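Worksheet for the structure shown next.
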Amino acid sequence: MTLNAKRVRGRPAGTLFDLGSIRPRNGGRPGARMTTFLRGKRLFSLRRTSAAMQSYRCSSQTSGKQRVNGVDLYYERNGAGEHAVLLLPGALGNTKTDFQPQLKALNADLFTVVGWDPRGYGQSRPPHRDFPLDFFERDARDAVDLMRTLGFVKFSLLGWSDGGITALIAAARNPEFIDKMVVWGANAFVSPQDLDIYNAVRDVSKWSAGMRAPMEAVYGARLFAQTWEAWVDGIAQFVHRPEGNICIDLLPLIRCPTLIIHGEKDPVVPSCHPHFLHKHIAGSRLHLMPEGKHNLHLRFPEEFNRVVEDFLGAEPKER
Ligand code: TYC
């Protein structure tokens with residue numbers, strides 16, 4: 001109950017996952033220096049919101065399903081601004097669990113904000129979610145095709161974590177449609193160190209009840225546990241590719257102004273990842289949030305939204 005009370009105030013509780021015995025190997029990859037964050041007992045803080053508990057100013061919010069690439073994709077939409085923005089949730093995430101402070105509070109006069117549930121997640125079920133090696137590519141195609149089908153000619157992307165990876169691929173493959181992009185908690189490769197972290201959080205029965213709750217509310221306990229394990233297996237596949245490549249090769253194709261945000265206390269995505277993205281995405285900006293963890297947009301929504309609105313509203317820099 002204490003956890004719920006905290007969430008009503010929009011301030012998710014801090015640490016939710018104790019795995020003190022995890023000791024990652026140094027993988028000799030770009031992430032090899034980033035080992036210390038696992039040394040303590042605090043590992044995983046990926047708290048999502050429960051929509052019913054949030055209270056934000058409500059404007060013209062609509063929702064619906066749109067048939068795209070053979071599946072019915074659920075989306076929510078808010079605002080009437082000229083600048084269209086798509087929110088891309090994290091693994092197993094959806095608009096309700098991941099983005100209420102953005103959907104409701106980004107400036108509705110400037111932006112039309114669309115949140116989508118990727119196929120197999122949230123309310124875009126069926127189909128049953130699977131994780132073939134091209135699952136990020138498939139999500140990227142679905143995301144862009146959804147926005148195009150909804151009538152948006154050009155739009156920006158806000159992608160969190162897996163949604164950030166999807167956004168990177170979508171922007172690289174569709175430069176003509178993407179206006180600007182913001183990603184946080186995203187990674188372009190999987191290192192052996194990342195693999196250790198994935199395996200450390202594989203078994204959701206070791207998560208705190210408070211952390212499981214929003215996901216179990218969406219999927220039920222059993223399906224959530226199964227799908228999360230399938231996700232861990234899915235993302236682990238990339239470690240076998242050269243350099244653990246998810247989308248390293250696509251980063252040079254990104255042409256849109258890009259902002260990378262990173263929480264310096266993120267326990268699951270080592271800071272080598274945002275720095276790598278910053279180095280390989282031409283003209284990108286990096287904004288660090290010293291107190292931010294993985295869920296920084298939910299924990300610090302005012303700061304996050306302000307940084308994002310400033311970036312989206314700014315004139316494009318000469319590149
Ligand atoms: N990528 C996950 C997401 O989309 C977050 C995550 C990162 C989870 C690393 C575990 O070891 C991990 N929410």
Side-chain angles (χ1 to χ4, degrees), residues 12 15-19 22-25 27 29-31 34-35 37-38 42-49 87-99 115-118 120-122 129 131 135-136 139-140 143 157-169 182-204 206-208 211-212 214-215 218-219 224-225 227-239 244 246-247 260-263 265-274 276-277 292-299:
T15 297
L16 302 155
F17 205 92
D18 273 354
L19 279 165
I22 300 300
R23 290 287 181 276
R25 291 164 286 154
R29 294 290 176 90
M34 304 301 302
T35 53
F37 71 94
L38 270 175
R42 301 180 151 204
L43 175 60
F44 195 53
S45 174
L46 205 168
R47 172 59 61 93
R48 288 169 149 114
T49 56
L87 308 171
L88 300 99
L92 278 69
N94 61 75
T95 311
K96 287 205 191 313
T97 52
D98 288 12
F99 286 131
W116 78 306
D117 296 3
Y121 288 171
R129 179 72 189 201
F131 298 92
F135 75 89
F136 286 117
D139 283 342
L157 303 173
L158 297 196
W160 179 38
S161 207
D162 273 27
I165 301 172
T166 303
L168 294 168
I169 295 172
V182 183
V183 295
W184 65 108
N187 47 304
F189 60 88
V190 174
S191 70
Q193 180 199 8
D194 294 317
L195 187 62
D196 287 337
I197 305 173
Y198 297 136
N199 282 325
V201 298
R202 168 186 290 275
D203 181 356
V204 299
K206 294 185 183 150
W207 297 19
S208 72
M211 193 181 148
R212 284 196 309 263
M215 288 298 208
V218 175
Y219 296 101
F224 168 53
T227 313
W228 184 262
E229 267 211 67
W231 173 78
V232 171
D233 289 338
I235 192 125
Q237 299 175 91
F238 293 100
V239 83
I246 302 175
C247 60
I260 300 145
I261 302 178
H262 186 64
K265 293 187 174 165
D266 188 330
V268 287
V269 178
S271 66
C272 60
H273 287 294
F276 185 91
L277 295 176
K293 295 184 183 176
H294 196 60
N295 61 354
L296 54 89
H297 63 301
L298 302 174
R299 178 69 178 76

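Both counts, for ligands and for their atoms, begin at 1 and track the order of listing. As the structure is a prediction and not an experimental result, all values here were calculated from the model.
If you number the atoms of ligand 1 from 1 as listed, the ones under 4.0 Å from a heavy atom of Ile197 come out as 11 (O). Proximity to Val201 (heavy-atom distance under 4.0 Å) selects the following atoms of ligand 1: 10 (C). When each atom of ligand 1 is checked for a heavy atom of Tyr198 under 4.0 Å away, the hits are 9 (C), 10 (C), 11 (O), 12 (C). Annotation for ligand 1: atoms under 4.0 Å from non-hydrogen atoms of Asp162 are 1 (N), 2 (C), 3 (C), 4 (O).
Remark: side-chain polar atoms of Asp266 are paired, donor with acceptor, to backbone N or O of Val269 under 3.5 angstrom. Although no hydrogens or angles enter the test, the distance criterion places no donor-acceptor pair under 3.5 Å between the side chain of Trp228 and the main chain of Leu92.
Residue Ser161 has at least one nitrogen or oxygen atom sitting less than 3.5 Å from a nitrogen or oxygen atom of ligand 1, judged on distance alone. Between Trp160 and ligand 1, no pair of N/O atoms sits closer than 3.5 Å. Close N/O approach between Ala91 and ligand 1 is found [any backbone or side-chain N/O within under 3.5 Å].
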For this session: Decide side chain to side chain contact (heavy atoms under 4.5 Å, CB included) for Arg129 and Trp231; before the verdict, give the C-alpha distance in whole Å, the side-chain angles of both, and the deciding distance to 0.1 Å.
Result: CA-CA 9 Å; Arg129 179 72 189 201; Trp231 173 78; over 6 Å; no

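Shown here for His273 and Ala188, the closest heavy-atom pair between the two residues is ND1-N, 4.3 Å.
Residues that satisfy the side chain to side chain contact (heavy atoms under 4.5 Å, CB included) test with Ala140, not counting sequence neighbours, are Thr166, Ile169, Ala170.
Looking at heavy atoms from C-beta onward, Asp162 lies in side-chain contact with Phe136 at the 4.5 angstrom threshold.
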